[in-house]
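In this chain, residues are counted from 1 in sequence order.
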Amino acid sequence: MATKVALVDDDQNILTTVSILLESEGFTVDKYSDGEAALEGLAENPPDLAVLDIKMPRMDGMELLNRLRRVSNLPVIFLTSKDDEIDEFLGLKMGADDYVRKPFSQRLLVERIKTVLRRHNSNKGEGDTSEEEILVRGNLRLDSVRHACFWDGREVTLTVTEFMLLHALALRPGHVKSRDQLMDAAYDDNIYVDDRTIDSHIKRLRKKIKATDSEFSAIETLYGVGYRFKEK
């Protein structure tokens, strides 16, 4: 079955040209011209990944992502305005997996979609989970097959990138991971993101676990160096 991508944008030219491109790459595409239509459509026909514009009528991309994150860890890529960096920051803070700036290279968008899907699919599998695929560090339990995170027995819903970052940190407790090392763990080699992107994902990750445990402090920041996971 072909991988399905939901494309949400009020620009009909983008909907047409990008959908043709993605279909030529073997994807099936569901197109939506506003957030409200997309929210209903995504619930009825869940895709494998969604590409969301931010500035749209009726319901913008930020609100759509907020609604999605209440019930799903669906991989999401934001389309952001080239000169509006606050869009990127807010999008990542709210749980987007990646972003592409407008005007964008169609080829770059395709590569970003494939990269996020590879990361997402690498954490999915069939059958029972083996012990090697379960990582336990104190109150933390990570299931790499089911892409599931549990803190003190309670599930925490993470995006693909958040899961990969947490797994990289928890794999070697007490060892400092630089931002470059975390980029390598969460992104393919041909994708570059800046320090602010990693910081935004870490902030979001902390916030999600703190919603379960207000005393959570296992992810430490070493200013100017990076992050480490502290196992109690």
I'd like to know if the side chain of Ser72 reaches the main chain of Arg69, judged simply by a donor and an acceptor atom lying under 3.5 Å from each other, with no hydrogens or angles considered. no
Test item: Glu40 side-chain N/O and Ala37 main-chain N/O as donor-acceptor pair under 3.5 Å: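 Checked: no pair found.
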Decide whether [X] and [Y] are clustered together by the hydrophobic rule: side chain heavy atoms of Ile, Leu, Val, Met, Phe, Trp, Tyr closer than 4.5 Å, transitively.
| X | Y | answer |
| --- | --- | --- |
| Leu140 | Leu171 | yes |
| Leu15 | Val18 | yes |
| Leu135 | Leu205 | yes |
| Val176 | Leu165 | no |
| Phe150 | Phe229 | no |

What closest approach, in Å, do [X] and [Y] show between heavy atoms, and which atom pair accounts for it?
| X | Y | value |
| --- | --- | --- |
| Trp151 | Ala218 | CH2-CB, 4.1 Å |
| Leu74 | Pro47 | CD1-O, 3.4 Å |
| Glu162 | His201 | CG-O, 4.3 Å |
| Pro46 | Lys4 | O-CD, 4.1 Å |
| Ala96 | Leu65 | N-CD2, 3.7 Å |
| Arg179 | Asp199 | NE-OD1, 2.9 Å |

How many angstroms lie between [atom1] in [X] and [atom2] in [Y], if you round to the nearest 0.5 Å?
| X | Y | atom1 | atom2 | value |
| --- | --- | --- | --- | --- |
| Glu231 | Leu169 | CD | CG | 13.0 Å |
| Leu166 | Lys208 | CG | NZ | 11.0 Å |
| Asp48 | Thr3 | CG | OG1 | 5.0 Å |
| Ile209 | Ser217 | CD1 | OG | 11.0 Å |
| Phe163 | Leu142 | CZ | CG | 4.5 Å |
| Phe216 | Lys210 | CZ | NZ | 8.0 Å |

Do we see a donor-acceptor contact under 3.5 Å between the side chains of Asp53 and Tyr32?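 Checked: Asp53/Tyr32 side chains show no N/O donor-acceptor pair below 3.5 Å.
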Scan side-chain atoms only and decide if Arg206 and Thr221 contain a donor-acceptor pair under the 3.5 Å cut-off.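 The answer is yes; a qualifying pair exists.
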Would Asp98 and Arg112 pass as an ion pair if we require N to O under 4.0 Å?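 Looking at Asp98 and Arg112, the cut-off is met.
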Atom CZ of Arg172 with >12 non-hydrogen neighbours under 6.0 angstrom: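 No, because the 6.0 Å sphere around CZ of Arg172 holds 12 heavy atoms or fewer from other groups.
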I would like to know whether Asp60 and Lys55 meet salt bridge (Lys or Arg N to Asp or Glu O under 4.0 Å); could you show each step before the answer? CA-CA 5 Å; Asp60 65 20; Lys55 295 179 174 63; over 6 Å; no
Qualifying salt bridge (charged side-chain N to carboxylate O under 4.0 Å, His left out) pairs, either residue in residues 5-18, two or more places apart: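 Output for this query lists Asp9-Lys102.
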Can you run down the salt bridge (charged side-chain N to carboxylate O under 4.0 Å, His left out) pairs that involve residues 215-225, sequence neighbours left out, and say none if there aren't any?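 Of all non-adjacent pairs touching residues 215-225, those that pass salt bridge (charged side-chain N to carboxylate O under 4.0 Å, His left out) are Glu220-Arg228, Glu220-Lys230.
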Residues Cys149, Glu155; criterion side chain to side chain contact (heavy atoms under 4.5 Å, CB included); working and verdict: CA-CA 6 Å; Cys149 169; Glu155 186 167 9; over 6 Å; no
Side-chain heavy-atom pair Asp30, Leu42 within 4.5 angstrom cut-off: no
Output, in order, the C-alpha distance, side-chain angles, deciding distance and verdict of side chain to side chain contact (heavy atoms under 4.5 Å, CB included) for Asp180 and Met183. CA-CA 5 Å; Asp180 285 342; Met183 288 177 200; 3.9 Å; yes
Run the side chain to side chain contact (heavy atoms under 4.5 Å, CB included) check on Met56 and Met59 step by step: do they pass? CA-CA 6 Å; Met56 295 185 293; Met59 181 188 296; over 6 Å; no
Out of the candidates Val116, Leu49, Thr115, only one should pair with Asp97 under the side-chain contact (heavy atoms from CB on, under 4.5 Å) rule; please name it.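 For Asp97, the side-chain contact (heavy atoms from CB on, under 4.5 Å) test succeeds with only one of Val116, Leu49, Thr115, which is Val116.
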Side chain to side chain contact (heavy atoms under 4.5 Å, CB included) assessment of Glu23 paired with Val5: CA-CA 10 Å; Glu23 287 167 356; Val5 174; over 6 Å; no
Please step through salt bridge (Lys or Arg N to Asp or Glu O under 4.0 Å) for the pair Glu63 and Arg58, ending with a clear verdict. CA-CA 10 Å; Glu63 179 60 23; Arg58 298 179 71 191; over 6 Å; no
